[in-house]
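Ligands are counted one by one from 1 in listed order, and the atoms in each one are counted from 1 as well.
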Amino acid sequence: MPVMDDDYAWQLIQDARNSRRVAPATLGDMNVQRTSIVIDESYGWQFDGELSVSVAALLDTLLPVALGGPDFVIAQLGQSLDGRIATESGHSHYVTGEASRVHLHRLRALVDAVIVGAGTVAADDPQLTVRHVPGANPVRVVIDPRARLAADRKLFNDASASTLHVVGPHAPASPPGVERVVLGCDDEAMDPAAILGLLAERGLTRVLVEGGGVTISRFLDAGLLDRLHVVVAPMLIGSGRPALSLAPIEKLHSALRPSCKSQVMGDDMFFDLDLRASYQP
Ligand SMILES: Nc1nc(O)c(N)c(N[C@@H]2O[C@H](COP(=O)(O)O)[C@@H](O)[C@H]2O)n1
């Protein structure tokens with residue numbers, strides 16, 4: 001009986017992404033012993049062989065991302081049980097556990113571009129690479145309307161991936177070696193649709209909005225997210241930076257109630273929200 005291990009499953013998922021396949025699809029080679037996975041329109045999959053619970057979880061969480069379409073926007077949040085992503089001072093390394101970080105690196109490897117706000121870069125100094133998994137680094141996109149970030153940030157200096165510095169019309173100079181893109185904006189807030197538009201002009205249509213909470217909230221409020229992955233750690237921070245802060249609603253019937261799948265992810269709980277059907281027309 002064929003066996004699918006973690007490495008082979010990840011290879012198939014990456015192949016699907018690299019060949020720009022969309023569901024329904026059959027991945028793998030019918031002619032070799034390790035055989036194929038058949039995936040339907042709803043990302044349900046069938047594999048006639050042996051696989052572990054963790055490989056099944058990998059397929060459940062990442063096939064919808066790899067096969068989500070040529071234009072696909074996903075966001076991820078790693079938060080505490082009380083909905084915080086960092087302390088008041090911005091300390092966030094780490095809220096969620098190692099399995100969740102590997103998942104995040106896999107998400108990065110499945111997109112063309114990863115977006116972060118200037119606040120996240122100032123507080124976390126992230127690298128935004130896929131160093132925990134085999135795969136290709138995405139283009140890093142920093143939303144920095146006033147170009148306030150210091151030139152010493154890692155993603156301005158590490159050549160393992162390219163970086164787009166998206167700034168407002170009156171912003172001072174960008175750090176050397178990064179591509180600067182000027183986008184009109186009122187004050188602090190850049191239009192999320194305009195950001196996706198400038199990425200699309202560069203062929204970057206599969207996008208991960210990685211943080212922070214404010215940036216993800218803006219994309220969610222604008223109705224631009226296809227999916228949201230939320231990893232909840234059994235930790236109570238009690239104060240600090242909130243995960244999501246959306247436009248207020250008066251009644252609960254206005255709340256988003258996306259279809260949701262959940263599973264244990266290491267010491268954390270993982271929620272996969274399909275937002276496509278949740279937004280009001
Ligand atoms: N999923 C998740 N869980 C946590 O606990 C986190 N702190 C984050 N943070 C994200 O990862 C970025 C750091 O990336 P590098 O390791 O430097 O590549 C950080 O900026 C957040 O976007 N995510």
Side-chain angles (χ1 to χ4, degrees), residues 57-58 61-62 65 73-111 113-144 148-150 152-166 195 207-220 225 227-244 262-273:
L58 183 62
T61 54
L62 293 181
V65 181
V73 185
I74 184 168
Q76 80 82 39
L77 281 162
Q79 66 173 61
S80 63
L81 209 46
D82 55 340
R84 309 284 171 172
I85 56 171
T87 64
E88 296 272 356
S89 68
H91 189 228
S92 67
H93 287 74
Y94 284 100
V95 178
T96 57
E98 180 159 359
S100 309
R101 289 204 294 282
V102 169
H103 171 73
L104 174 57
H105 283 223
R106 284 188 166 132
L107 277 186
R108 290 174 181 169
L110 292 177
V111 295
V114 55
I115 295 176
V116 284
T120 295
V121 178
D124 293 359
D125 197 11
Q127 296 172 64
L128 305 181
T129 59
V130 303
R131 62 196 179 278
H132 290 320
V133 297
N137 289 322
V139 173
R140 303 175 288 202
V141 181
V142 187
I143 311 304
D144 187 11
R148 66 181 166 104
L149 288 169
D152 69 352
R153 300 292 82 187
K154 287 182 187 133
L155 46 66
F156 293 142
N157 295 287
D158 142 29
S160 58
S162 54
T163 300
L164 283 184
H165 192 210
V166 183
I195 296 166
V207 176
L208 167 64
V209 186
E210 189 175 309
V214 172
T215 301
I216 292 176
S217 297
R218 286 193 181 130
F219 278 80
L220 186 52
L225 297 183
R227 257 183 144 85
L228 175 63
H229 284 183
V230 182
V231 186
V232 180
M235 174 193 275
L236 298 169
I237 301 179
S239 58
R241 301 187 182 193
L244 291 176
S262 59
Q263 58 173 263
V264 170
M265 183 172 272
D267 295 331
D268 306 321
M269 200 64 208
F270 168 82
F271 296 88
D272 179 6
L273 309 180

Contacts of type side-chain hydrogen bond (donor to acceptor under 3.5 Å, both in side chains), residue H229, not counting sequence neighbours: H103, D272
V231 near ligand 1 by a heavy-atom separation under 4.0 Å: no
Atom pair CD (Q263) and CE (M269), whose distance is rounded to the nearest 0.5 Å: 7.5 Å
Backbone N/O of V130 and side chain of R108: donor-acceptor pair under 3.5 Å: no
Part of R108 with heavy atoms under 4.0 Å of ligand 1, whether side chain, backbone, both or neither: side chain
Test of proximity, L128 against ligand 1: N or O pairs below 3.5 Å: yes
Atom 9 (N) of ligand 1 protein-contacted (non-hydrogen atom, under 4.0 angstrom): no
Residue selection (non-hydrogen contact nearest atom 17 (O) of ligand 1) among Q127, H93, H105: Q127
Distance filter under 4.0 Å to T96 heavy atoms, resulting ligand 1 atoms: 1 (N), 2 (C), 3 (N), 4 (C), 5 (O)
Polar side-chain atom of D82 near backbone of I237 as donor-acceptor pair, under 3.5 Å: yes
Any donor-acceptor N/O pair, H132 side chain to H105 backbone, under 3.5 Å: no
Please list every donor-acceptor pair under 3.5 Å in which a side-chain atom of residues 152-163 meets a protein atom from a residue at least two apart or in another chain.
from, atom 1, to, atom 2, distance (Å)
R153, NH1, V121, O, 3.2
R153, NH1, A122, O, 3.1
N157, ND2, A151, O, 2.9
N157, ND2, D152, O, 3.4
N157, ND2, R153, O, 2.7
D158, OD1, S160, N, 2.7
D158, OD1, S160, OG, 2.5
D158, OD2, R140, NH1, 3.2
D158, OD2, S160, OG, 3.1
T163, OG1, R140, NE, 3.2
T163, OG1, R140, NH2, 3.4
T163, OG1, L155, O, 2.6

D144 (side chain) donor-acceptor with L149 (main chain) under 3.5 angstrom: yes
Distance-only N or O hit between ligand 1 and T120, under 3.5 Å: no
Sub-3.5 Å N/O-N/O distance, R131 and ligand 1: yes
Close N or O approach (S100, ligand 1; < 3.5 Å): no
Identity and distance of the protein heavy atom lying nearest atom 1 (N) of ligand 1: Q76 OE1, 3.0 Å
Atom 12 (C) of ligand 1: nearest protein contact (heavy atom, Å): E210 OE2, 3.4 Å
Atoms of ligand 1, numbered as shown, that sit under 4.0 Å from any heavy atom of P126: 12 (C), 13 (C), 14 (O), 17 (O), 20 (O)
Element-labelled atoms of ligand 1 that are located less than 4.0 Å from some non-hydrogen atom of S92: 5 (O), 7 (N)
Under 3.5 Å: N/O of V95 near N/O of ligand 1: yes
T215 side chain vs V116 backbone, donor-acceptor pair below 3.5 Å: no
Residue, atom name and distance, where the atom is the protein heavy atom closest to atom 19 (C) of ligand 1: D124 OD2, 3.1 Å
Approximate separation, where rounding is to 0.5 Å, of I74 CD1 and E210 CD: 11.0 Å
Heavy-atom pair of closest approach, residues V230 and L273: CG2-CD1, 4.4 Å
